[in-house]
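Proteins get letters first, then strands, A, B, ... in listed order; numbering begins at 1 in each.
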Protein chains: 2
Amino acid sequence: MPRNRRPVPREEKREELLAAAAELFVVDGYEATSMTRLARRAGVTPNTLYWYFRDKDELLVAVADRFTDALLHEHASLTGRPLAAQLSWLIHRLRPVRHLVATMHGRVAVSDAVRTWHTGFHTTFEALFTRQLPGPIATDRRPAEIAVATFALEGAITHDLDDETTRQLCAVVADRLHHAATVATTPRPE
Amino acid sequence: MPRNRRPVPREEKREELLAAAAELFVVDGYEATSMTRLARRAGVTPNTLYWYFRDKDELLVAVADRFTDALLHEHASLTGRPLAAQLSWLIHRLRPVRHLVATMHGRVAVSDAVRTWHTGFHTTFEALFTRQLPGPIATDRRPAEIAVATFALEGAITHDLDDETTRQLCAVVADRLHHAATVATTPRPE
DNA sequence: CACCTTTCTTGATTGCTGTTCAAGAGCATG
DNA sequence: CATGCTCTTGAACAGCAATCAAGAAAGGTG
């Protein structure tokens with residue numbers, strides 16, 4: 001008994017499914033969320049999911065995109081605030097989806113879609129970092145400095161640190177970037 | 001037609017299975033290695049694996065332990081060399097098993113065995129870091145400084161950076177730790 | 001020697017997974 | 001009315017991790 005043919009337009013329906021996926025992926029985790037359970041939650045048969053998404057990984061990427069868009073949109077209102085504060089905000093904002101962050105990294109090796117997304121995400125994020133700096137960094141050092149900051153952020157999200165350590169970590173990263181952006185050349189130990 | 005009862009002692013057989021698992025996990029990845037395929041490779045039926053290991057995650061942890069033991073053993077001969085060189089060595093040494101590193105992080109949320117292992121691994125590694133420092137770090141800053149170094153290392157392993165950026169990253173991390181270990185108090189930006 | 005227990009291996013099975021296939025329903029257009 | 005497109009479905013598939021019950025070989029004990 002199929003009640004058919006566009007009660008809702010395509011994009012809207014896609015968004016519904018995405019919302020259900022986002023909730024289950026975050027609450028129960030990606031692996032623990034089977035397509036069948038997800039479909040049931042969305043009031044649909046599993047097959048329908050495959051009409052809107054190629055496979056489970058594409059669903060994951062779409063969910064990640066949703067989160068990223070929201071994140072960047074909210075972050076826009078933080079420009080001008082101190083770098084350490086921005087970092088702290090990002091970490092606390094992303095902690096609830098830490099499982100997803102870890103899952104994405106784990107599936108980079110498995111899924112082309114995820115790998116592509118991951119690359120793009122880092123590009124976006126590194127640009128965001130660079131924009132927030134008080135000054136330019138010596139071009140030879142810049143990629144490494146940005147990488148350290150990014151990885152520290154990822155680590156702080158996926159591993160659980162207590163609040164004090166998190167605060168200190170933000171201070172350390174911000175301090176380091178500030179230092180790198182103001183001093184033209186830093187002395188190299190031994 | 002089972003040819004039975006200890007042709008080889010238990011630990012030896014366990015080691016054989018572990019060796020097969022290590023190879024397949026590294027070459028093909030954890031997810032792509034089914035218990036059936038792994039068993040076939042080891043010349044055994046899938047059930048036998050469950051006699052020696054509780055489940056697939058425990059197999060993964062055992063493999064990770066093997067790698068870690070070997071790693072720490074090899075690293076022992078590097079004491080005294082500059083910190084940046086040690087970091088560089090660690091990164092290049094762990095890059096081939098980057099998939100496993102990512103998989104472990106992904107499964108922390110799924111498996112108790114993996115979570116326990118992961119916690120222990122970080123403890124070991126942070127102790128190793130602390131031991132290599134030229135001096136003590138102010139106790140309030142130390143966890144964060146060590147965390148940044150650890151996360152930078154993990155990031156450098158799991159994301160692919162080019163050689164030059166990797167080199168610079170090691171220099172940045174070593175520089176930062178050196179700085180933190182020699183200066184008693186670091187000024188806090190704004 | 002016979003008997004029992006423990007250690008190990010196996011074939012068969014289970015419930016679940018992501019995914020695909022073929023078919024059909026509803027709407028739009030010719 | 002007919003044709004075609006969009007969407008949904010029930011049924012099925014191969015593969016997965018894991019379990020169960022059965023049995024074979026050895027060691028220990030009488």
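Atom-to-atom, OH of B/Y50 to P of D/dA17 comes out at 6 Å; the value is rounded to the nearest Å. As a whole-Å value, the separation of B/F53 CZ from C/dT9 C1' is 16 Å. Residue A/R10 contributes atom CZ, which lies 9 Å from atom C1' of D/dT6 at whole-angstrom precision. Taking atom CZ of residue A/R40 and atom C1' of nucleotide D/dT9, one finds them 16 Å apart after rounding to whole Å. As a whole-Å value, the separation of B/Y30 OH from D/dA17 C1' is 9 Å. In this structure, CD of B/E58 is placed 16 Å from P of D/dA17, rounded to the nearest angstrom. One atom, CD of B/E12, and another, C1' of C/dT7, lie 16 Å apart when rounded to the nearest Å. Across the protein-nucleic acid pair, B/L49 atom CG and C/dC8 atom P stand 14 Å apart, rounded to whole Å.
B/A152 approaches B/V173 most closely through the heavy-atom pair CB-CG2, 3.7 Å.
Here B/Y52 reaches the OP1 or OP2 of C/dT9: one of its side-chain N or O atoms lies under 4.0 Å away. The phosphate of C/dT9 (OP1 or OP2) has no side-chain N or O of B/W51 nearer than 4.0 angstrom.
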Which atom pairs link the protein and nucleotides 14-16 of chain D when you take only N or O atoms and keep those under 3.5 Å?
residue, atom, partner, partner atom, Å
D/dC16, OP1, B/S34, OG, 3.3

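Through direct or indirect side-chain contacts shorter than 4.5 Å among Ile, Leu, Val, Met, Phe, Trp and Tyr, A/L128 is connected to A/L72.
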Q: Using the side-chain contact (heavy atoms from CB on, under 4.5 Å) rule, take A/R37 and A/D28 through it: C-alpha gap first, then chi angles, then the decisive distance, then the call.
A: CA-CA 11 Å; A/R37 240 165 47 83; A/D28 298 343; 2.6 Å; yes
Q. Does the side-chain contact (heavy atoms from CB on, under 4.5 Å) test come out yes or no for A/R10 and A/Y52, once each step is laid out?
A. CA-CA 8 Å; A/R10 178 173 178 88; A/Y52 292 91; 3.9 Å; yes
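The aromatic rings of A/W117 and A/F121 sit parallel to each other, their planes meeting at less than 30°, with 60° as the upper class boundary.
Of the listed nucleotides (D/dC7, C/dT20, C/dT9), C/dT9 has the atom at the smallest distance from the side chain of B/T48.
Contacts classified as ring pair (Phe, Tyr, Trp, His ring centres under 6.0 Å) and involving residues 13-43 of chain B (residues at least two apart or in different chains) are given here: B/F25-B/Y30.
The CZ atom of B/R142 lies 11.0 Å from the CD atom of B/E145; values are rounded to the nearest 0.5 Å.
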